[in-house]
Novice: 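Okay, handing you the structure first.
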Number of protein chains: 2
Amino acid sequence: MLFIRMVEQESHDKLTDILKAASDPTRRAVLTLLAQHGPQCVTNIAGHFEMSLNSVSKHIKVLEKAGLVARRTEWREHLIEVQMAPLEEIDRWFADLRSIWAQRLEALDHLLTQETAK
Amino acid sequence: MLFIRMVEQESHDKLTDILKAASDPTRRAVLTLLAQHGPQCVTNIAGHFEMSLNSVSKHIKVLEKAGLVARRTEWREHLIEVQMAPLEEIDRWFADLRSIWAQRLEALDHLLTQETAK
DNA sequence: CAATCAATCAACCAAAAAGATGAATGATAG
DNA sequence: CTATCATTCATCTTTTTGGTTGATTGATTG
């Protein structure tokens, strides 16, 4: 029971990380860039933005923590590549919410038809 | 052209609002609550949380700005109800990203088979 | 009209986030 | 060994965010 709670909490926190990471326009632009042009080193990615290399590096770390990108250190460059999997966590949350919503409506509908039948 | 840009920017900002709103655990809990138990007044919603009524009111305004809830002022209570539609904006972004990614892989695959054929 | 109740507004505080700059690490090339 | 290059670490500043409390608005009831 406590364990379930902990797992729920963990997935909850993970979802928060993913949504927070995805909620920044710069970070979404990084993801799009990586999806379009494949794995890139940090300097290369930073070249597409107005801000400093350091800021981009920080954004990438946020994405990394959320699991939205992975790092493959090859040669002396860090190759960053997009990871789609965590986005499915968002999908799942959405689907859950929608199902809860639909369930309530169904129950309500059921109740109403019962009332009418009386 | 400029117009297209503006529209893109707008939908971009909207998506940012939606993701930012959804990225807070309290706000997600509010959405779940509303999906489970239907439209509720602010005081009622606040009853489920440890924090002050004012804080909850502020959270609801964030959700409202993102379009994730709607307000129906009835009697002297404000009835808040969840709105699923904006969440599809997230879905759309996800689908777009995934399609861009798939396109690149496809092109890469095509290129490789061409090379092998030589 | 007075009292009450739902909700917001206004001002404030602390913590987190986004950005910049300069120093430090770590691998590679000469 | 030294110079260079990619990246991160440390520090600082500004802005945003999540929260509080107290006053205010606006409708309702006695």
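Every value quoted in this text rests on a predicted model; they were computed, and no experiment measured them. Order of the sequence lines fixes the chain letters, A, B, ..., with proteins taken first and strands second; residue numbering starts at 1 for each chain.
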Novice: Between B:I18 and B:L68, what is the shortest heavy-atom contact and its length?
Specialist: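 Nearest heavy atoms, B:I18 then B:L68: O-CD1, 4.1 Å.
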Novice: What is the distance, rounded to the nearest whole Å, between atom CG of B:L79 and atom C1' of D:dA27?
Specialist: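 Checked: the CG to C1' distance equals 15 Å.
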Novice: Looking at B:I45 and B:Q40, what are the two nearest heavy atoms and their distance?
Specialist: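 Residues B:I45 and B:Q40, closest heavy atoms: CG1-CB, 3.6 Å.
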Novice: Looking at every strand, decide which applies to A:K61 at a 4.0 Å heavy-atom threshold: base, sugar-phosphate, or nothing.
Specialist: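 Result for A:K61 = sugar-phosphate.
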Novice: Report the distance from atom CE of B:M51 to atom P of C:dC13, rounded to the nearest whole Å.
Specialist: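 The answer, rounded to whole Å, is 21 Å.
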Novice: Would you say the side-chain atoms of B:R28 and B:S23 include a donor-acceptor pair closer than 3.5 Å?
Specialist: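 Short answer, no.
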Novice: A:E64 CD to D:dT8 P: how many Å, rounded?
Specialist: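 For the pair A:E64 CD and D:dT8 P, the rounded distance is 8 Å.
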Novice: OP1 or OP2 of D:dT20 sitting under 4.0 Å from any side-chain N/O of B:S52?
Specialist: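 Yes, within the criterion.
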Novice: Distance check needed: C:dA6 P versus B:I45 CD1, whole Å only.
Specialist: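 Roughly 14 Å, once rounded to whole Å.
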Novice: May I have the step-by-step check of side chain to side chain contact (heavy atoms under 4.5 Å, CB included) for B:L34 and B:E81, ending in yes or no?
Specialist: CA-CA 6 Å; B:L34 291 174; B:E81 64 185 338; 6.0 Å; no
Novice: With both distances under 3.5 Å as the test, what is the Watson-Crick or G-U wobble partner of D:dT14?
Specialist: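 By the stated definition (distances under 3.5 Å), C:dA17 pairs with D:dT14.
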Novice: Per the atom types in the model, does the base of D:dG18 pair as donor or acceptor with the side chain of B:N54 at under 3.5 Å?
Specialist: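 Looking at the base of D:dG18, it does not pair with any donor or acceptor on the side chain of B:N54 (distance under 3.5 Å).
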Novice: Identify which nucleotide among D:dG19, C:dA7, D:dT7 has an atom closest to any side-chain atom of A:R71, counting heavy atoms from C-beta outward.
Specialist: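 The closest nucleotide is D:dT7.
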Novice: Nearest to the side chain of A:C41 - D:dT7, C:dT8, C:dA20?
Specialist: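 Looking only at side-chain atoms, A:C41 lies closest to D:dT7.
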Novice: Calculate the interatomic distance between A:K65 atom NZ and D:dT8 atom C1'; express it in whole Å.
Specialist: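 Spelled out: NZ on A:K65 to C1' on D:dT8 is 18 Å.
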Novice: If I take atom NE2 in residue B:H59 and atom C1' in nucleotide D:dT17, what distance separates them, rounded to the nearest angstrom?
Specialist: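 After rounding, the reported distance stands at 9 Å.
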Novice: So, for B:M84 and A:L97, which heavy atoms are closest and what is the spacing to 0.1 Å?
Specialist: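 Between these two residues, the closest heavy atoms are CE-O, 3.7 Å.
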Novice: Shortest non-hydrogen contact from A:A21 to A:V62?
Specialist: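 Residues A:A21 and A:V62, closest heavy atoms: CB-CG1, 4.0 Å.
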Novice: Just how far, in rounded Å, is C1' of C:dA18 from CD1 of A:I60?
Specialist: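 Between C1' of C:dA18 and CD1 of A:I60: 15 Å.
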Novice: Determine whether any donor atom in the side chain of B:D24 lies under 3.5 Å from an acceptor atom in the base of D:dT17, or the reverse, and answer yes or no.
Specialist: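 By the distance-only test, no, there is no pair.
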Novice: The side chain of A:K20 is closest to which nucleotide in this list: C:dA6, D:dT21, C:dA17?
Specialist: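 The closest nucleotide is C:dA17.
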Novice: Check nucleotides 28-30 of chain D against the protein and report each pair of N or O atoms closer than 3.5 Å, with its distance, or say if there are none.
Specialist:
{"residue": "D:dT28", "atom": "O4'", "partner": "B:R76", "partner atom": "NH1", "Å": "3.3"}

Novice: Taking the side chain of B:S57 as heavy atoms from C-beta outward, which of D:dT20, C:dT8, D:dT8 is closest to it?
Specialist: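 Nearest to the side-chain atoms of B:S57, counting from C-beta on, is C:dT8.
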Novice: Tell me the interatomic distance from B:N44, atom CG, to C:dA7, atom C1', rounded to whole angstroms.
Specialist: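 Going from B:N44 (CG) to C:dA7 (C1'), I get 14 Å.
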Novice: Salt bridge or not between B:E64 and B:K61? Use side-chain N to carboxylate O under 4.0 Å.
Specialist: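 Judged by the 4.0 Å cut-off on N to carboxylate O distance, B:E64 and B:K61 do not form a salt bridge.
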Novice: If you assign B:H78 and B:K58 each to the DNA chain C nucleotide with the nearest heavy atom, which residue ends up on the more 5' nucleotide?
Specialist: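 Between the two, 5'-proximity favours B:H78.
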Novice: Please tell me which of the listed nucleotides, C:dG19, C:dA17, D:dT7, lies nearest to the side chain of A:S55?
Specialist: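 The closest nucleotide is C:dG19.
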Novice: Give me the atom names and distance for the closest heavy-atom approach of A:R27 to A:K20.
Specialist: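 Minimum heavy-atom contact is NH2-O, 3.2 Å.
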